Amino acid sequence: MRLLTSPLRRMLSGLLNCCEREGGRPSKCCSLNPHHLLPRQNFSAKPTAAELVRYWHGVFEANRIPEAQESSEYIISYVLGAKTIHSLSASSLSNPLTSEQQQQVQWLSMKRLQRMPVQYVLGEWDFRELTLKMRPPVFIPRPETEDLVSLVLQKSQRSGSPAVNAGHRCPTAIPHPVILEIGCGSGAIALSLLNKLPQSRVIAVDKEEAAVNLTCENAQRLQLQDRIRILHYDACSGSWEQLLPWGPVDTIVSNPPYVFHEDMAHLAEEILSYEDLDALDGGNDGMRVIKKILALAPFILKDLGVFLEVDPRHPEMVENWLQSHPELSLSISATHKDFCGKPRFLHIQKHKAGDSSNKKDFACPSVHLP
Amino acid sequence: MNASSLFHSTINTLAWRPWLWRQQKFLSPQLAIPLFPVAGKKNSCDLLALNETDLEEQFVRGDGPGGQATNKTSNCVVLKHIPSGIVVKCHQTRSVELNRQRAREILQQKVDLFYKGENSDIFKEKRTAEKKKQEKKRRAKENLEKKMHIKEMQESDSK
């Protein structure tokens, strides 16, 4: 049975107004179809967390909201002050919620019914050890990107190991690494690196002011603002003068927009309606921003190299592109897979001087680690 | 002018050094960095090391291209220890990386218990904790009985 009671209908129309203010593109996300809610006769006067999770799971499912169970669990945990339902004790789950808590659950769940991503609904999300504020339309960090940080940490901390390939340098551990992040979004990568590398400094840039502001806010919340400089800068603008005074940097890291333009239309409604599409769309071959970053590298980069997250089709495409741009003197020194086994991360470094002659004899070496 | 001078930096004598948890070195499958140990009393336990090659990891992520093209919040990690067949599931946190670390910690405890039985530090800790709990209960019961006795005495005095 599906009901929409009139007080809820009033709340829904209030939410539609709110949706426009908070982000989201009303023509896509705020459909005129009423949301299907379930009758609450089965509730006790004060429902428990477990009962509410079941109820809202049912509502989300009835309204074809993806990840109905997870959405319900995250919202109710959040209202109870926990990160996940699994970190709550059995007794917390069977305690009744106050009416304020119930109202908060309702308010947040109505947003999820608008297909707002859970991370925006809660206004926060975790990335590795950090909890970051999230706000539309700034790009929500993906879990794969946590491994990109691991990769940069590993390479930044390695000391004196032999070069994997003859043509690439493996420098000793750098005491005070300076890292440039292009497209910092919410600050996830930059702040994770700062957190794990206490001696490091980060220059984070983004072409969107909303991202610059959010990174700034997150840096301050985590007390990392002293070691980061955040610039409102468009890496595709072609003018690098603004960046040059900050260089040279030890490494460049980026999760640049890499979705192929033709794939954009197939993305979930959550993404299309709420996230900054410029943070996703990499142009026809998904490499528009990747190419700009690699073209910038020789001007500003020292030895550690460039770390990129990419589409699984990109490793070969990037390799070919670098070969056709020998003036950059860059090549892929390693390709790493994400936790789903897809090639996802590239480590690109400068050739050693005098290696260009070898390029004729073999394809640019790429170490594919398992 | 370079980055160092633009930053107001102070010299910090604390050099980073890798943390190794005695014999236990966790290696994530693709990236060979030691995972950081969790602080707390478990550090004093002497547990069997887990070899990454004995582990099989799966992620409950659902279908989809992954990466930027997907925004899924389910990040449950399923970790299997192939020699013993023990499987643990972890979705305690909202971070995949932390769930992976936590899954390895839990698995290590279970594997240790599996192979060592009563000799496992985990078993011994549990037993000590259980004893303490029972002792606490016994004392609380005693105190309650004492209080009730005193109350009875006072009531009979006032009559």
Side-chain angles (χ1 to χ4, degrees), chain A residues 67 70-71 74 83-84 86-87 117-119 125-129 139-140 142-144 146-147 150-151 153-154 157 173 175-176 178 197-199 201 203 226-227 229 245-249 255 257-259 263 266-268 270-271 275 279-280 309 311-312 336-340 342 344 369-370, chain B residues 1-19 27-36 38 52-53 57-79 89-102 106:
Chain A
E67 296 197 301
E70 288 87 348
S71 302
Y74 281 125
K83 297 287 181 78
T84 65
H86 308 282
S87 58
V118 168
Q119 300 92 335
W125 200 245
D126 292 344
F127 185 81
R128 297 176 64 98
E129 307 86 6
F139 179 78
I140 296 166
R142 306 307 199 234
E144 284 88 342
E146 292 183 344
D147 265 348
S150 302
L151 186 58
L153 289 174
Q154 178 195 15
Q157 290 152 357
H176 302 278
V178 177
L197 299 172
Q199 304 305 311
R201 302 286 184 269
I203 303 142
D226 292 339
R227 291 190 286 127
R229 293 297 179 268
W246 297 92
V249 300
N255 178 20
Y258 59 70
V259 176
D263 295 334
H266 305 303
L267 300 183
E270 279 80 2
I271 299 174
E275 288 193 285
L280 290 147
E309 180 179 319
D311 181 277
H336 294 265
K337 291 186 183 164
D338 64 24
F339 56 75
C340 296
K342 299 180 178 166
R344 183 65 69 183
L369 299 183
Chain B
M1 198 143 92
N2 62 14
S4 314
S5 58
L6 282 167
F7 281 106
H8 190 59
S9 61
T10 55
I11 295 169
N12 192 326
T13 53
L14 239 184
W16 182 88
R17 50 184 187 278
W19 285 66
L27 301 177
S28 79
Q30 295 93 19
L31 313 164
I33 43 166
L35 294 183
F36 288 69
V38 169
E52 200 59 35
T53 47
E57 207 172 29
Q58 267 184 327
F59 301 89
V60 180
R61 289 281 294 160
D63 299 321
Q68 288 175 0
T70 305
N71 182 21
K72 292 265 167 83
T73 55
S74 55
N75 53 18
C76 180
V77 175
V78 180
L79 192 62
K89 224 162 80 158
C90 180
H91 36 186
Q92 285 180 14
T93 80
R94 300 189 297 206
S95 153
V96 162
E97 188 62 28
L98 292 188
N99 283 345
R100 292 170 84 181
Q101 290 180 22
R102 189 74 194 113
I106 298 168

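Since the model is a prediction, treat every value here as computed from it, not as a measurement. In what follows, every chain begins at residue 1, and chains take the letters A, B, ... in the order their sequences are listed.
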Requested in this report: Applying side-chain hydrogen bond (donor to acceptor under 3.5 Å, both in side chains), run through B:Q92 and A:T84 and close with a yes or a no.
Outcome: CA-CA 6 Å; B:Q92 285 180 14; A:T84 65; over 6 Å; no

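Between chain B and the options A:P175, A:P143, A:A268, heavy-atom pairs under 4.5 Å are most frequent for A:P143. Comparing A:R344, A:E129, A:E70, A:H266 by heavy-atom pairs within less than 4.5 Å of chain B, the highest count is held by A:R344. Taking chain B as the reference chain and counting heavy-atom pairs below 4.5 Å, the highest number among A:W125, A:F127, A:Y74 is found for A:W125.
The residues A:D147 and B:R100 are annotated as salt-bridged, a charged nitrogen and a carboxylate oxygen being separated by less than 4.0 angstrom.
Checked against side chain to side chain donor-acceptor pair (under 3.5 Å), B:N99 has the following partners two or more places apart in sequence or in another chain: B:N75, B:T93. Listed by chain and residue number, A:E124, A:D126 satisfy the salt bridge (charged side-chain N to carboxylate O under 4.0 Å, His left out) test with B:R94 (two or more places apart in sequence, or in another chain).
For a residue to count as touching a neighbouring chain, one of its non-hydrogen atoms must lie under 4.5 Å from one of that chain's; by this rule A:I140 touches chain B with the side chain only. Contact of A:D311 with chain B is not made at all, since no heavy-atom distance falls under 4.5 Å. A:V259 touches chain B through backbone and side chain together, each having a heavy atom under 4.5 Å away. Heavy-atom distances place both the backbone and the side chain of A:K83 under 4.5 Å from chain B. Heavy atoms closer than 4.5 Å to chain B are found in the side chain of A:Q119, but not in its backbone.
Side-chain atoms of B:V78 and B:E57, non-hydrogen and from C-beta on, never get closer than 4.5 Å to each other.
Ring orientation note: the planes of B:F59 and A:F339 are tilted relative to one another, at an angle of 30° to 60°.
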